[in-house]
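Chain naming here is simple, since letters A, B, ... match the order of the sequence lines and numbering starts at 1 in each. Hydrogens, waters and symmetry mates play no part in the numbers below; they use all other heavy atoms, side chains included. Nothing here was measured: the structure is a model prediction, and the numbers come from that model.
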Protein chains: 2
Amino acid sequence: MNIELSENYSFEEYRSLFYRILDEKKLNKTSERFHILRAIYDTDGHFTVNTLYNKLKSKKYQVSKTTIYNTLSLLESFYLIEKHNFGGSCAQYEKCDTSTSHDHIIIIDTDEIIEFKNEKLNLLIKEIEDTYKLKVARRAFTLFCHKK
Amino acid sequence: MNIELSENYSFEEYRSLFYRILDEKKLNKTSERFHILRAIYDTDGHFTVNTLYNKLKSKKYQVSKTTIYNTLSLLESFYLIEKHNFGGSCAQYEKCDTSTSHDHIIIIDTDEIIEFKNEKLNLLIKEIEDTYKLKVARRAFTLFCHKK
DNA sequence: GTTCGTGCAAACATTTTGCAGCGTG
DNA sequence: CACGCTGCAAAATGTTTGCACGAAC
């Protein structure tokens, strides 16, 4: 099975991948799961459980928070979203395509989140993997900054 | 006022710095605050609110969790400790001297935390500061790894 | 004596769990 | 029809808040 998403994937592609994973794992393809996936796809940047809950409610596709938590766990385990602990009161998520990775700068004064990529950092992490004989499963690189 | 701690500072040095900051800010020098500071000094590596609560209780210096939360906030604002959100159920803290900084590798299989320093990373962060015209107030760089 | 801090209990917020009933396959 | 999923309510957890009493200065 092709488990990669292209760089600017459509909802159909995202949905199809989710569908095929559910199928393979013999999990139910419920309408709630696809409504949640749609809400995620339509969200730019980071979101929380409440973001999705409110968005779905306002679109008359209300689902319980329990189900949102469940679905987000599933999606995380399938690498269709990423979970971040930036330190606020609740976890933040973002959709991801598996072909790219990026890190975060948080502007403290405004709570703005900037995403950035840095190839030197990727190389550095490879070096660290070799030095310590480790395989990095997930990295968290976040700079909390003030504007100069 | 000298606000730096030397590399292998004694408790007396740590305590004295805390004392002087409290003095300057006209905050009370309560016995609870110094008991908590002692417990932190005596802890190697990372700790949580509960770590300190239990440690103090077992030494017959019981203080309330409210006071521990208060004191940890104070110490964090004075840069005498650092707070981390690694993503577990609660925040982790560690004491710090202001002259050094390091990052973390978490071994997923064992929950072991390895501290490491990398000078290339420090340089890279300086470059990022320049590129984006930012001043980094705090950084979080953590690699979640499996052993190879 | 005034201000500040402590500690209790309650409030709060996020997340997890138990379970009855329903939907998917 | 068997099993998995949803959603409600309750529990669990970590953290914050309000307040009365006591300690620091």
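Between C/dG5, D/dT15, C/dT15, one nucleotide has an atom nearer to the side chain of A/Cys90 than all others, and that is C/dT15. Closest to the side chain of B/Asn50, out of C/dT15, C/dT6, D/dG14, is D/dG14. The side chain of B/Thr66 approaches D/dG18 more closely than any other nucleotide in the set D/dG18, D/dA9, C/dT15.
Of the possible polar contacts, none joining the A/Lys83 side chain to the A/Leu72 backbone as a donor-acceptor pair under 3.5 Å is found.
Between B/His104 and B/His102, the ring planes are perpendicular. Angles over 60° get that label, and only those under 30° would be called parallel.
Linking Ile, Leu, Val, Met, Phe, Trp and Tyr residues whenever their side-chain heavy atoms come within less than 4.5 Å places A/Phe116 and B/Ile125 in a single cluster. Both A/Ile21 and A/Tyr9 are part of a single hydrophobic cluster, where members link through side-chain heavy atoms under 4.5 Å apart.
The nearest whole Å value for the distance from the CD atom in B/Gln92 to the P atom in D/dG14 is 12 Å. Atoms CZ (A/Phe18) and P (D/dC5) sit 10 Å apart, rounded to a whole Å. Nucleotide C/dG5 holds its C1' atom 6 Å from the CZ atom of B/Arg33, rounded to whole Å. Between the P atom of C/dT16 and the CD1 atom of A/Ile68 lies a distance of 14 Å, rounded to the nearest Å. If you take OH of A/Tyr93 and P of C/dT14, they are 12 Å apart, rounded to a whole angstrom. Regarding B/Lys65, its NZ atom lies at a distance of 17 Å from the P atom of C/dA10, rounded to whole Å. Atom OH in B/Tyr69 sits roughly 9 Å away from atom C1' in D/dT13 (whole-Å rounding). C/dT14 atom P lies 15 Å from atom CG of B/Asn85, rounded to whole Å.
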Please report the C-alpha distance between A/Glu76 and A/Arg138 in whole Å, then the side-chain angles of each, then the deciding distance to 0.1 Å, and finally whether the salt bridge (Lys or Arg N to Asp or Glu O under 4.0 Å) criterion is met.
CA-CA 12 Å; A/Glu76 195 196 355; A/Arg138 181 167 79 80; 5.6 Å; no
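Between A/Thr67 and D/dC5 there is no side-chain N or O to OP1 or OP2 distance below 4.0 Å. A sub-4.0 Å separation between OP1 or OP2 of D/dT13 and a side-chain N or O of B/Ser89 is absent.
To the nearest 0.5 angstrom, A/Leu56 atom CG is 9.5 Å from A/Tyr61 atom OH. With rounding to the nearest 0.5 Å, the separation of CG in B/Leu74 from CG in B/Leu37 is 11.0 Å.
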Polar atom pairs (N or O), protein with nucleotides 23-25 of chain C, under 3.5 Å:
from	atom 1	to	atom 2	distance (Å)
C/dG25	OP1	A/Lys29	N	3.4

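Nucleotides of DNA chain D nearest to A/Ser64 and B/Ser73 differ in position, and the one nearer the 5' end is that of A/Ser64.
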